[in-house]
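Working notes, beginning with the structure itself.
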Amino acid sequence: MKEVDIFDKLFRDDVQTFFQQFFKKKEPSDIIENCSETGFVHPIKIETKEVKDICCDDDNGIIIITGKIVVQCEVEVREYNSNYDIAGDKYRFAGDCNPIYEAPFSFEIDIDTRKIENFTINSIIQV
């Protein structure tokens, strides 16, 4: 089993939620170059492609694990539109793309309980 598979089993829901929230705050021009429409970004697929730069530190019985994940997203951009377009969609399609992001993460494992806690993604960088 690869690091990506293990990471996905442990944190898939956390990563999905984090990136969905990230895209909610974006405008089409943030995602697609030369896009002038106002609208929203809708993630279709969010997939962890790689886990890298993993480091472990022991802090008095708490193992702190840090690293980076590489995530590829399939997103659609929709234009705000009060009228339905020809296809009947409420929001006209403005484009799609597959951006790749790198996201530093960290989490802790309590040595005594073996419990994983405090998973966080600190930032997102488009690569």
Side-chain angles (χ1 to χ4, degrees):
M1 189 177 280
K2 295 179 182 180
E3 293 92 351
V4 166
D5 298 329
I6 295 167
F7 190 89
D8 227 23
K9 286 188 184 300
L10 293 173
F11 303 115
R12 179 179 181 79
D13 291 342
D14 296 308
V15 171
Q16 296 283 322
T17 300
F18 188 87
F19 274 89
Q20 286 170 353
Q21 292 300 318
F22 169 75
F23 285 119
K24 273 187 181 178
K25 300 173 189 170
K26 296 297 177 185
E27 284 289 324
S29 60
D30 297 331
I31 304 299
I32 297 179
E33 249 181 73
N34 301 321
C35 183
S36 60
E37 289 88 0
T38 58
F40 63 95
V41 178
H42 175 68
I44 305 296
K45 184 177 179 182
I46 300 166
E47 183 178 0
T48 303
K49 296 300 233 177
E50 182 181 358
V51 179
K52 62 183 189 176
D53 301 338
I54 298 173
C55 296
C56 299
D57 291 316
D58 186 348
D59 184 21
N60 295 325
I62 302 291
I63 303 296
I64 301 168
I65 299 176
T66 59
K68 294 178 183 171
I69 55 172
V70 176
V71 176
Q72 182 167 13
C73 303
E74 180 181 337
V75 297
E76 269 186 359
V77 174
R78 296 280 175 166
E79 182 181 342
Y80 291 134
N81 182 358
S82 59
N83 300 318
Y84 286 85
D85 69 5
I86 296 170
D89 290 331
K90 185 174 181 179
Y91 301 106
R92 188 172 24 238
F93 180 76
D96 60 359
C97 63
N98 296 300
I100 298 175
Y101 297 94
E102 191 172 273
F105 70 87
S106 64
F107 63 92
E108 300 173 353
I109 302 174
D110 185 307
I111 291 176
D112 295 330
T113 63
R114 295 182 175 18
K115 187 175 179 184
I116 296 173
E117 299 177 324
N118 301 324
F119 175 78
T120 57
I121 294 176
N122 303 315
S123 62
I124 297 176
I125 303 150
Q126 189 166 357
V127 293

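Quick caveat, the model's predicted, so the values are computed rather than measured.
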Is it the case that one hydrophobic cluster holds both [X] and [Y], taking links as side-chain heavy atoms less than 4.5 Å apart, direct or via other members?
| X | Y | result |
| --- | --- | --- |
| Ile69 | Ile116 | yes |
| Ile32 | Ile46 | yes |
| Val70 | Val4 | no |
| Ile121 | Ile64 | no |

Within residues 96-109 or reaching into it, pairs that qualify as side chain to side chain donor-acceptor pair (under 3.5 Å) - sequence neighbours excluded:
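The answer is Lys52-Glu102, Ser106-Thr120, Glu108-Asn118.
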Any pair with a residue in residues 57-70 that passes side chain to side chain donor-acceptor pair (under 3.5 Å), sequence neighbours left out, goes on the list, sorted by first then second residue, please.
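Non-adjacent pairs meeting side chain to side chain donor-acceptor pair (under 3.5 Å): zero.
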Roughly how far apart are [X] [atom1] and [Y] [atom2], rounded to 0.5 Å?
| X | Y | atom1 | atom2 | value |
| --- | --- | --- | --- | --- |
| His42 | Lys24 | NE2 | NZ | 11.5 Å |
| Thr48 | Ile6 | OG1 | CD1 | 13.0 Å |
| Ile63 | Asp110 | CD1 | CG | 9.5 Å |

Hey, can you tell me if Phe22 and Phe19 have their rings parallel, tilted or perpendicular (30° and 60° cut-offs)?
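Perpendicular, since the angle between the ring planes exceeds 60°.
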Can you list every pair that meets salt bridge (charged side-chain N to carboxylate O under 4.0 Å, His left out) and has a residue in residues 40-51, with sequence neighbours left out?
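Non-adjacent pairs meeting salt bridge (charged side-chain N to carboxylate O under 4.0 Å, His left out): Lys45-Glu47, Glu47-Lys49.
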Before you tell me yes or no, could you show the steps for Phe7 and Phe105 under ring-ring contact (aromatic ring centres under 6.0 Å, His included), namely the whole-Å CA-CA distance, both residues' side-chain angles and the distance that decides it to 0.1 Å?
CA-CA 11 Å; Phe7 190 89; Phe105 70 87; 4.9 Å; yes
Looking at every heavy atom in both Pro104 and Ser123, which two are closest together, and how far apart are they?
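Smallest interatomic distance, heavy atoms only, reads CD-O, 3.3 Å.
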Which pair of heavy atoms, one from Leu10 and one from Asp14, lies closest together, and at what distance?
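Heavy atoms only, the tightest pair is O-OD2, 4.3 Å.
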If we only count heavy atoms from C-beta on, is the Phe119 to Val15 side-chain gap below 4.5 Å?
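The answer is yes, as the side chains (C-beta and beyond) meet within the 4.5 Å cut-off.
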Val41 vs Asp30 side-chain heavy atoms within contact, under 4.5 Å:
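In short, these two side chains do not touch, never coming nearer than 4.5 Å.
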side-chain contact (heavy atoms from CB on, under 4.5 Å) partners for Thr38, two or more places apart
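Testing Thr38 for side-chain contact (heavy atoms from CB on, under 4.5 Å), a comparison that skips the adjacent residues, returns Glu27, Tyr80.
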Mind checking what makes side-chain contact (heavy atoms from CB on, under 4.5 Å) contact with Ile54, not counting sequence neighbours?
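Glu3, Val51, Ile65.
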How would you list, by chain and number, every residue that makes a salt bridge (charged side-chain N to carboxylate O under 4.0 Å, His left out) with Asp8, sequence neighbours excluded?
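Only Arg12 meet the salt bridge (charged side-chain N to carboxylate O under 4.0 Å, His left out) criterion with Asp8.
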Report, as yes or no, whether the 6.0 Å neighbourhood of atom CD on Glu117 holds more than 12 heavy atoms from other residues, nucleotides or ligands.
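More than 12 within 6.0 Å, yes.
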